[in-house]
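First the structure, in the form of structure tokens, and then the observations on it.
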Number of protein chains: 2
Amino acid sequence: MTENVDVLIENASEVVTLQGSKVPRKKEEMNELAVIKNASIAIKDGKIIDVGKCNGYSAKRVIDASGKTVVPGFVDPHTHLVFSGSREFELELKLKGFSYTQIKEMGGGIGYTVKRTREASVEELMKEALKRLDTMLAYGTTTCEAKSGYGLNIETEIKILEAYNRLNKKHPVDIVPTFLGAHAVPEEYKGREEEYVDLVVNEMIPVVTKKNLARFCDVFCEKGFFTREQSKRILLEGKKHGLIPKIHADELTNCGGAQLASEVEAVSADHLLEVSEEGISEMAKKGVIAVILPATVFSLMKKDYAPARELIDANVPVALATDLNPNCYTENMQFVIQLACFYMKMTPAEALTASTINAAHAIGEADRAGSIEVGKQADVLILDCPSHKFIPYHLGVNLVGTVLKKGRVVFQV
Amino acid sequence: MTENVDVLIENASEVVTLQGSKVPRKKEEMNELAVIKNASIAIKDGKIIDVGKCNGYSAKRVIDASGKTVVPGFVDPHTHLVFSGSREFELELKLKGFSYTQIKEMGGGIGYTVKRTREASVEELMKEALKRLDTMLAYGTTTCEAKSGYGLNIETEIKILEAYNRLNKKHPVDIVPTFLGAHAVPEEYKGREEEYVDLVVNEMIPVVTKKNLARFCDVFCEKGFFTREQSKRILLEGKKHGLIPKIHADELTNCGGAQLASEVEAVSADHLLEVSEEGISEMAKKGVIAVILPATVFSLMKKDYAPARELIDANVPVALATDLNPNCYTENMQFVIQLACFYMKMTPAEALTASTINAAHAIGEADRAGSIEVGKQADVLILDCPSHKFIPYHLGVNLVGTVLKKGRVVFQV
């Protein structure tokens, strides 16, 4: 007697299951991948129905994974997926020593992207984003969070969030949308910052939530962007309307962002380069997830990365993300894992936990993504290497051979 | 009247030609890419016969490159392509704080690779190397240098160099072989280092050159490896037998490697993390090319890279390479370019010059590779981006869409 299934992935050298993570993994748990050697996976109706020996199945499609490693699809919990245009021209300015502010004054920076994004139609935005989503998938990301924030007016913020809605239906990658109207104060509100906060709170949040366009509300709490008080006001208003708080915290300076995240019970505090000991301790108490973005640090040509080891040691669950945006242009979580291991001293296992199950927890998707276990979506990568340790070891190279999303092969080399 | 050609690459957004580089490019010349906008390339009998407007040709195969960037195939002038086994298990030991010496004592390090390589048959070595060559090609490397040095006895050093010979006939990537018998003193010669140098000088070099198995002779001049005097003896003996000197210089400590390279008129001095001002000045005087290996620095988890800007400013021609080896496992020159720009402050144009024409000069291949100009081999990459500036800008992602080697399409996404 055999049971019919849709797909059987057979004889993988190892299957990294990350089973049994109802809550984000912390400390030593981040090293426990629940690897099964020489294992198979049975998939039916888009879900995983068995992992391990998998005897007694007959499958429409059998994939031989011998000599290969199977891991959960990467979850990228912090991206700015929709924006128009590119900023490759800024690299030479950065190399010449121009500061972010000077580049902004020369017509670059976030202002450039906001202008281009406001001018673009939703179809144009989608066309650019679809290409990025294809790249994500080819590098193994099967679920991502994606923020608005290059609109900075009601019309464009809505346009971006509606693009996410439509992209979600059109592309295999699952997209979890975040409202980030408070990404920066737009040019036209210069000197009237409080009025822009009023706009976000009184007009944007009600419209976004009425249209049901976002799951999270994020804010860039930073010197020259939004103060801790302004950030708090925005996040609490979002919360009142059902948006779960997230926060760009302590990236360039220490503004108490981590403490604010704890205070408003944010699901995550992101960046954290300049987080204080007190901030770390508050995050640990409240179980706020640290979403760390090493590719951003690389893009900024900095040598000092976020204190991942201190966060892990202090019992804060850590996740990793790309921060995909025009100033940190990468869709590749494998590159992020490499930076995490080589510059933040995370172990290969910690970095993989941070890029799958903990990342899924950081965007409320852990019930269906982030691990390979019975009942979850069959979001699975077959990597062209005999162990997960090759993800950081084999530098600069895409190890993804096959990507399955909800049990369907959506990418294959 | 039209002329028949084999391939016509049409309407590229830009063609980076790097034309007219009879000698390695220095200083400001490294920024001069000789880009032609909206250009085409005509290819016949494996060679480039026209670049620019290219009117009046009819081609067997026409490739539309509109919106894309065409650059010369990358030349990787420093690899240790043939070795057996991998050392992914060492990453966790490094993260736990074990030193290179401790890892070596635990059975890792170069000793591990030498043991595996000695045990492997030439067919096994070729099988592993062919996979690496396929990856190189997919990431745009069409010519590479490749060293022996994981044999450290006559039999295995010859086996490796013979593998290069056979690989060269079997795989599209052109391989330029280097004899590196003096990569390290093998275990069995511990305490008898001078005897090992005698072996290299009196037995290995004569056999290697008699069999015509290498073009260059390299040595690891470093504390705990080979002294400056030993290195000099080996390089001069190689030179006497027709091998052009190269040198692993000033990587971990300053041993005067750059000065030695100048003294023996080496074509290149490689690594150079610890090079002195005097060493730089000597290199500039003698025109020794600096081959810089930033992925190695990344692999070693160091923050301080080689002084690329100082070298360029001092009139030393700079090339870039992967250093592909079990302790720096990457075949991807785009990753190297990204490290060069973001951590060594090279401009996108300098990094591209360093990865093509200057790299070709560093391995004596500039007469046929490293630029797109009439008469050269048609080794050409079509990149999926509108300008070469995307190579460092679009982080962690393979931009190569199509690779032509000697006019033949050998890789296509």
Side-chain angles (χ1 to χ4, degrees), chain A residues 31 86-92 94-97 131-132 135-136 138-139 295 297-305 309 322 324 326-336 338-339 341-350 384-398 413, chain B residues 31 86-92 94-97 131-132 135-136 138-139 295 297-305 309 322 324 326-336 338-339 341-350 384-398 413:
Chain A
N31 273 313
S86 57
R87 303 218 305 262
E88 74 286 356
F89 54 87
E90 290 181 8
L91 177 52
E92 276 157 308
K94 283 197 231 176
L95 290 169
K96 281 178 183 151
K131 189 163 181 188
R132 290 173 204 137
T135 305
M136 277 189 182
Y139 286 81
V297 183
F298 187 89
S299 292
L300 294 171
M301 302 183 180
K302 288 189 173 186
K303 289 187 176 183
D304 292 318
Y305 286 75
R309 286 250 62 86
T322 59
L324 170 62
N327 198 36
C328 172
Y329 196 21
T330 187
E331 297 92 342
N332 181 2
M333 286 294 290
Q334 295 164 77
F335 174 61
V336 169
Q338 290 164 8
L339 292 171
C341 291
F342 285 87
Y343 274 121
M344 303 198 306
K345 300 276 200 296
M346 288 174 72
T347 66
E350 286 170 343
D384 187 17
C385 56
S387 119
H388 68 278
K389 293 180 186 176
F390 279 75
I391 306 174
Y393 176 64
H394 201 163
L395 297 169
V397 162
N398 187 9
V413 172
Chain B
N31 275 312
S86 58
R87 303 219 305 261
E88 74 286 356
F89 54 87
E90 290 181 9
L91 177 52
E92 277 159 306
K94 283 196 231 177
L95 291 168
K96 282 180 183 150
K131 189 162 183 190
R132 291 173 203 135
T135 306
M136 278 189 181
Y139 286 80
V297 183
F298 187 89
S299 292
L300 294 171
M301 303 182 179
K302 289 189 173 186
K303 290 187 177 184
D304 292 317
Y305 286 75
R309 287 250 62 84
T322 58
L324 169 62
N327 198 37
C328 171
Y329 197 20
T330 185
E331 297 93 342
N332 181 2
M333 287 295 291
Q334 296 164 76
F335 174 61
V336 169
Q338 289 164 8
L339 292 171
C341 292
F342 285 87
Y343 275 119
M344 303 198 304
K345 299 277 201 294
M346 288 174 74
T347 65
E350 287 170 343
D384 187 19
C385 55
S387 120
H388 68 277
K389 293 179 186 176
F390 279 75
I391 305 175
Y393 175 64
H394 200 163
L395 298 170
V397 163
N398 187 10
V413 172

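This is a predicted model, so every value here is computed, not measured. Within every chain, numbering begins at 1; the chains are lettered A, B, ... in the order of the sequence lines, protein sequences first and strands thereafter.
- Y329(A) touches chain B through backbone and side chain together, each having a heavy atom under 4.5 Å away.
- Here the side chains of M344(B) and E350(B) are not in contact, with every heavy-atom distance at 4.5 Å or above.
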Original post:
Please walk me through it: do F335(A) and Y139(A) pass side-chain contact (heavy atoms from CB on, under 4.5 Å)?
Top reply: CA-CA 10 Å; F335(A) 174 61; Y139(A) 286 81; over 6 Å; no
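- For T322(A), no part lies under 4.5 angstrom from a heavy atom of chain B.
- Annotation: maximal heavy-atom pairing with chain B below 4.5 Å, among K94(A), R87(A), E90(A), Q338(A), occurs at R87(A).
- Of the two parts of F342(A), the backbone and the side chain both hold a non-hydrogen atom closer than 4.5 Å to a non-hydrogen atom of chain B.
- Between the side chains of E331(B) and H394(A), a donor-acceptor pair is found at a separation under 3.5 Å.
- Looking only at heavy-atom pairs under 4.5 Å with chain B, the residue among L300(A), D384(A), T135(A) that has the most is D384(A).
- Heavy-atom pairs under 4.5 Å with chain B peak, among N332(A), V413(A), L95(A), D304(A), at L95(A).
- Contacts between F298(A) and chain B at a heavy-atom distance below 4.5 Å involve backbone atoms as well as side-chain atoms.
- Contact tally against chain B (heavy-atom pairs below 4.5 Å) for Q334(A), M346(A), K303(A), K345(A): the top residue is K303(A).
- Note that OH of Y393(B) and OG of S387(B) are 11.0 Å apart. Values are rounded to the nearest 0.5 Å.
- Chosen from N398(B), T330(B), L395(B), the residue pairing most often with chain A at heavy-atom distances under 4.5 Å is L395(B).
- Comparing P392(B), P386(B), S86(B) by how many heavy-atom pairs each has under 4.5 Å with chain A, the most go to S86(B).
- Across E92(B) and P348(A), no two heavy atoms sit closer than the pair CG-CD, 3.7 Å.
- Other residues, nucleotides and ligands contribute at most 12 non-hydrogen atoms within 6.0 Å of the NZ atom of K96(A).
- Contacts of N31(A) with chain B are absent, with no heavy-atom separation under 4.5 Å from either backbone or side chain.
- Interface residue P326(A): backbone and side-chain heavy atoms are both found under 4.5 Å from chain B.
- The number of heavy-atom neighbours closer than 6.0 Å to NZ of K302(B), taken from other residues, nucleotides and ligands shown, is above 12.
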